[in-house]
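Chain naming here is simple, since letters A, B, ... match the order of the sequence lines and numbering starts at 1 in each.
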Number of protein chains: 2
Amino acid sequence: MRVAAEVFADQGYRSATIRDICRRAGTNVASVNYHFGGKAGLYRAVVQSGGAFTSEMAGRLAASGGAAEDRLRAYVEVFLARVLAEGPCAVHGRIMAREMIEPTEALDQLVDGFIRPEAEMLSLAVGEIVGKDFNREEIRLLCMSVAAQVVFYKHCRPVVERLFPDFRLDSAAVSVLAESIAGFSVAGLRGLRAGRLAAQAAKMKGTSGTATVTRSAERRIAKGRN
Amino acid sequence: MRVAAEVFADQGYRSATIRDICRRAGTNVASVNYHFGGKAGLYRAVVQSGGAFTSEMAGRLAASGGAAEDRLRAYVEVFLARVLAEGPCAVHGRIMAREMIEPTEALDQLVDGFIRPEAEMLSLAVGEIVGKDFNREEIRLLCMSVAAQVVFYKHCRPVVERLFPDFRLDSAAVSVLAESIAGFSVAGLRGLRAGRLAAQAAKMKGTSGTATVTRSAERRIAKGRN
DNA sequence: CGTGGTGTCAAACAGGTGTTTGAAAAGAAG
DNA sequence: CTTCTTTTCAAACACCTGTTTGACACCACG
């Protein structure tokens, strides 16, 4: 039921009431219990119904082909467009955002079915950009740094709107936003790769390395971490 | 009431029931209406009660003093520590996270009282790092990219835990996490600054700069720096 | 002792929740 | 048409929500 997806999307599973759903859908309250076995069954059906997104993502990412940086740019673009999409075709993204904050049993299947494959693609691209000198845990953190920038505008939109009332997210703004996120991320990954390479070169030579590396290394040490 | 803050923090305003709060607190259901005038009054009192955090943040940021990159690192560290803090002293952060997803009237005062001053500090640091060639809107986006990486681990923790079951967030992990976020961000901001400078230099020389050209120029710069 | 104010409590209230029920309607098969 | 299954519907059910109520205990003060 489309209206059920809509209501679940912007009210959350707990706050949504089947009476509201049925009133909007023009049907009876008892019908959902008859066809789905209850509110939970309806929700499960809604969650499982949205499955045309991963293929779209995979398609665009596969089409963009070769260069890792282009794949990352495509990832940010597609991911952001889906997450910020308006209208009825965005309910799946909104439900997923809801699930992240108020997890139900549906989150597990959502993670395994949608999020994990995308994380895999992102991880490959990030790994290529930073090079072989980063281990799996480091790459994992960097992937989350990239993905975080996208979901931020989904999860913190109320705060952003209050903080910058003139900040609008029309389709043009989404484009420059995607470019900003992708540019920042690519620059960060490249910079980290360069820094790691320089640090390794310095270690091999036994010298103290370039100015840039020395600064961040000194900072790490002088920090006196507790 | 501390237990009220606790319950509000991990149940949300709507799902939390005053009966549950009062049962845990060992008091009567009517007392909250007597003292606070209702559930909303209790919540307002709880939200306003947590006000010792901004000063701590401001103190550490002021103490770290001069270099913009150090201030950014301090920002990430303090922000992340607060956001991921466990125990009773973290309820304010958790409530703020809740407010971002399910905004109530309390969000406005939360934004003006806590978030805006921190955003101001972050904006200053980011502006210094990227240099004068970025306008307010660009810097704003970059600030959100930095902050996004921190709040990500708050908002998407359920997803992260399901995606990487071995990913633990003890205090040691938080330290390396902060270092990863800060390092990635600083590298990104530095890279963007270098790219912008190179693009401007190219434009002054009369060469036409499309996005592709700019990107390759960034690449040249990033490689040339080491 | 009495008195008024203050805080606490169990009970009740009015409204909303998901679910169940039993009857009525619609449709398919003989 | 009859019979059977499938679907729809209004009403009721049991439970939970925030709030109100009126009685009861406490306590300083006169």
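- For residues 145-186 of chain B, every residue pair satisfying the ring-ring contact (aromatic ring centres under 6.0 Å, His included) rule, not counting sequence neighbours, is listed here: A:H155-B:H155, A:F184-B:F184.
- Considering only residues two or more places apart in sequence or on other chains, A:S175 meets the side-chain contact (heavy atoms from CB on, under 4.5 Å) condition with none of them.
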With 3.5 Å as the limit, what N/O pairs link the protein to nucleotides 16-18 of chain D?
from	atom 1	to	atom 2	distance (Å)
D:dG18	OP1	B:A16	O	3.2
D:dG18	OP1	B:K39	NZ	3.0
D:dG18	OP2	B:I18	N	3.2
D:dG18	N7	B:R19	NH1	2.6
D:dG18	O6	B:R19	NH2	3.0

Give every pair of a protein N or O atom and an N or O atom of nucleotides 6-9 of chain D that lie under 3.5 Å apart, one pair per line with the distance.
from	atom 1	to	atom 2	distance (Å)
D:dT7	OP2	A:Y34	OH	3.0
D:dT8	OP2	A:H35	NE2	2.6

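- Annotation: side-chain contact (heavy atoms from CB on, under 4.5 Å) contacts of B:A81 (sequence neighbours excluded): none.
- Legend: residues meeting ring pair (Phe, Tyr, Trp, His ring centres under 6.0 Å) with B:Y43, ordered by chain and number and at least two apart, are B:F8, B:Y13.
- Taking the 5' to 3' direction, DNA chain C first and last meets chain A under 4.0 angstrom from a heavy atom at C:dT17 to C:dT21.
- When all heavy atoms are compared, the tightest approach of A:C143 to A:L122 is O-CD2, 3.5 Å.
- A:E99 and B:R162 are not joined by a salt bridge, as no carboxylate oxygen comes within less than 4.0 angstrom of a charged side-chain nitrogen.
- With axes fitted over five pairs at each extremity, the angle between the ends of the helix from C:dC1-D:dG30 to C:dG30-D:dC1 is 20° (10° resolution).
- Residue pairs that meet the side chain to side chain donor-acceptor pair (under 3.5 Å) test with at least one member in residues 17-26 of chain B, sequence neighbours left out, are B:Q11-B:D20, B:D20-B:R24.
- Taking B:R44 as the reference, nothing meets the salt bridge (charged side-chain N to carboxylate O under 4.0 Å, His left out) condition, with sequence neighbours excluded.
- Counting only heavy atoms from C-beta outward, the side chains of A:E69 and A:E128 never approach each other to under 4.5 Å.
- B:R140 pairs by the salt bridge (charged side-chain N to carboxylate O under 4.0 Å, His left out) definition with A:D166, not counting sequence neighbours.
- With sequence neighbours excluded, the residues that form a side-chain contact (heavy atoms from CB on, under 4.5 Å) with B:A178 are B:V76, B:E77, B:L80.
- Checking B:S180 against A:E138 by side-chain atom types alone, no donor-acceptor pair falls below 3.5 Å.
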